[in-house]
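Just below is one structure, and these are the notes that go with it.
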Number of protein chains: 2
Amino acid sequence: MTPPSGRRPVSSTAAAVGAKIRLRRQQRGMSAAEMARRAGLSKATLSQLEAGNGNPTIDTLDAIAIALRIPIADLLARDADTGPVFRQGTDIEPGEVSRELLRRISSGNSLEIWRLRIPPETELPGVPHATGTIEHLLIATGHVTAGPVDAPQDLRPGDMLAFAGDAPHFYRTGAEEVDITVVFASPIST
Amino acid sequence: MTPPSGRRPVSSTAAAVGAKIRLRRQQRGMSAAEMARRAGLSKATLSQLEAGNGNPTIDTLDAIAIALRIPIADLLARDADTGPVFRQGTDIEPGEVSRELLRRISSGNSLEIWRLRIPPETELPGVPHATGTIEHLLIATGHVTAGPVDAPQDLRPGDMLAFAGDAPHFYRTGAEEVDITVVFASPIST
DNA sequence: ACCATACGTTCACTATACCGAACTCTTCAA
DNA sequence: TTGAAGAGTTCGGTATAGTGAACGTATGGT
């Protein structure tokens, strides 16, 4: 019994990367042969990779990324869904803290958008986040003192504050309810 | 004459990836030995990679990414800056459209946060963005009709709309001035 | 028709990424 | 002091990623 002819098993990410390489190459109107020349790879290697068989090294990916003139991470990032999404603002019980996850994108660096509504005269500890997370506060209505415990800021409508979300932080409201949009940008997906 | 002992040359991206792996692992408080176990790799391989010597395959990177519970593309993307930033809301001329860039993170995937203030009864064409960019509208005050030209939405304070920022889109205000936060998330840097 | 040139794929071989097993160096309990 | 258990690194051996040369097919010029 002869062993199978082609290559060896296929990892799922290999297939995705292969498809993406072929897509990008064809978008640029480049032939596989020409791209192999530009990238300094053999046609054989490229053919195998595009077919989804194989398991490229980062050196190989780097060469391909340069030939395609795209960042190497793009070859591995999954495409974000681009369909329109609409989230209607909800009514809340007055006196209650309201946290609403408006949107989460987990391709590449993960991104979360929250809407936070806090009643008057309330102090709220910030939920600690993964290391490297950056938290952005965008004040819609109300006055609030917020930020890292060692460097808080007084914020008014229209202000923006960005700080490390993994350090201890808090929000404290004044005489009015506040409406804040919080954007978490994280290099780590949790 | 004995050939050199260690591994072979080092590509610059290999060094960057190695450093990032070590950083993330230490952030998680994991030993190299334990991580090797979790990822199903040998300690030897991991040691070489973290030292910046070597040239991992995507299967290897995938195993590492899973063990670290991060997307594989993050191992190749560059880090964002994490310093605290405060941006005070500015006053504007009434009757003028105001565009303010509050924040930009230009790592592998770019993130931009804008504050947009549009006077009453104004129609504003959307600036077209790079392919794959997702645009998020967060309405702070006022009513606005906005979105892709073929599928606009009526938005009120607290609403959120996300759509493909590379397609034609627009904003149209009603009787009052509107204050919008716009978040651009682009998985692809161009 | 014919040859030449280009494309993308499949083959046998070579270079090398990964492995297991040793090693050194700490740490800690007995 | 000694032994055990953990850390991280360095060593051959082996599986396999990448190569060059063949292949079959399509197109264009003479």
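On a predicted model such as this, the values are computed, not experimentally measured, just so you know.
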At under 4.0 Å between heavy atoms, what does B/Leu41 touch on the DNA or RNA strands: base, sugar-phosphate, or nothing? sugar-phosphate
Nearest listed nucleotide, side chain of B/Leu49, among D/dG18, C/dC7, C/dC18: C/dC18
Of the listed D/dT9, C/dC7, C/dT9, the closest approach to the A/Arg22 side chain comes from C/dT9
Taking the minimum atom-to-atom distance to the side chain of B/Ala44, which one of D/dC11, C/dC11, D/dG8 wins? D/dC11
In whole angstroms, how far is the C1' atom of D/dG18 from the CG atom of A/Asp62? 16 Å
Side-chain atoms of A/Ser31 come closest, of C/dC7, D/dG8, C/dT10, to C/dC7
Which nucleotide wins on minimum distance to the side chain of B/Thr57, given the candidates C/dC18, D/dG18, C/dG8? C/dC18
Within this structure, what is the CD1-to-C1' distance between A/Ile21 and D/dA17, rounded to whole angstrom? 14 Å
Can you figure out which of C/dA17, C/dC18, C/dT9 approaches the side chain of B/Thr60 most closely? C/dC18
Rounded to the nearest 0.5 Å, what's the gap from CD on A/Gln26 to CD1 on A/Ile21? Could you check? 12.0 Å
Tell me what A/Ser42 touches on the nucleic acid: a base, only sugar-phosphate, or nothing, going by heavy atoms under 4.0 Å. base
D/dA7 phosphate, OP1 or OP2: any side-chain N/O from B/Arg25 under 4.0 angstrom? no
Straight-line distance of B/Gln48 CD to B/Leu41 CG, nearest 0.5 Å: 13.0 Å
Please report, rounded to the nearest Å, how far the P atom of D/dA7 is from the CG atom of B/Leu46. 12 Å
Ignoring backbone atoms, establish whether A/Arg37 has a side-chain N or O less than 4.0 Å from OP1 or OP2 of C/dA6. no
Check A/Arg172 with A/Glu121, please: is the shortest side-chain N to carboxylate O separation under 4.0 Å? no
Look only at the side chain of A/Thr173 and the backbone of A/Ile118, and say whether a donor-acceptor pair between them is shorter than 3.5 Å. no
Rounding to a whole Å, what distance do you find between B/Asp59:CG and D/dA17:P? 7 Å
Which one of A/Lys43, A/Arg28, A/Arg25 satisfies the side chain to side chain contact (heavy atoms under 4.5 Å, CB included) criterion with A/Met35? A/Arg25
Provide, to the nearest angstrom, the distance between the CD atom belonging to A/Glu34 and the P atom belonging to C/dA6. 11 Å
Distance check needed: D/dG18 C1' versus A/Asn55 CG, whole Å only. 12 Å
OP1 or OP2 of D/dG8 sitting under 4.0 Å from any side-chain N/O of B/Ser47? no
When you get a sec, tell me which of D/dA7, C/dT10, C/dC19 is the closest nucleotide to the side chain of B/Thr45? C/dC19
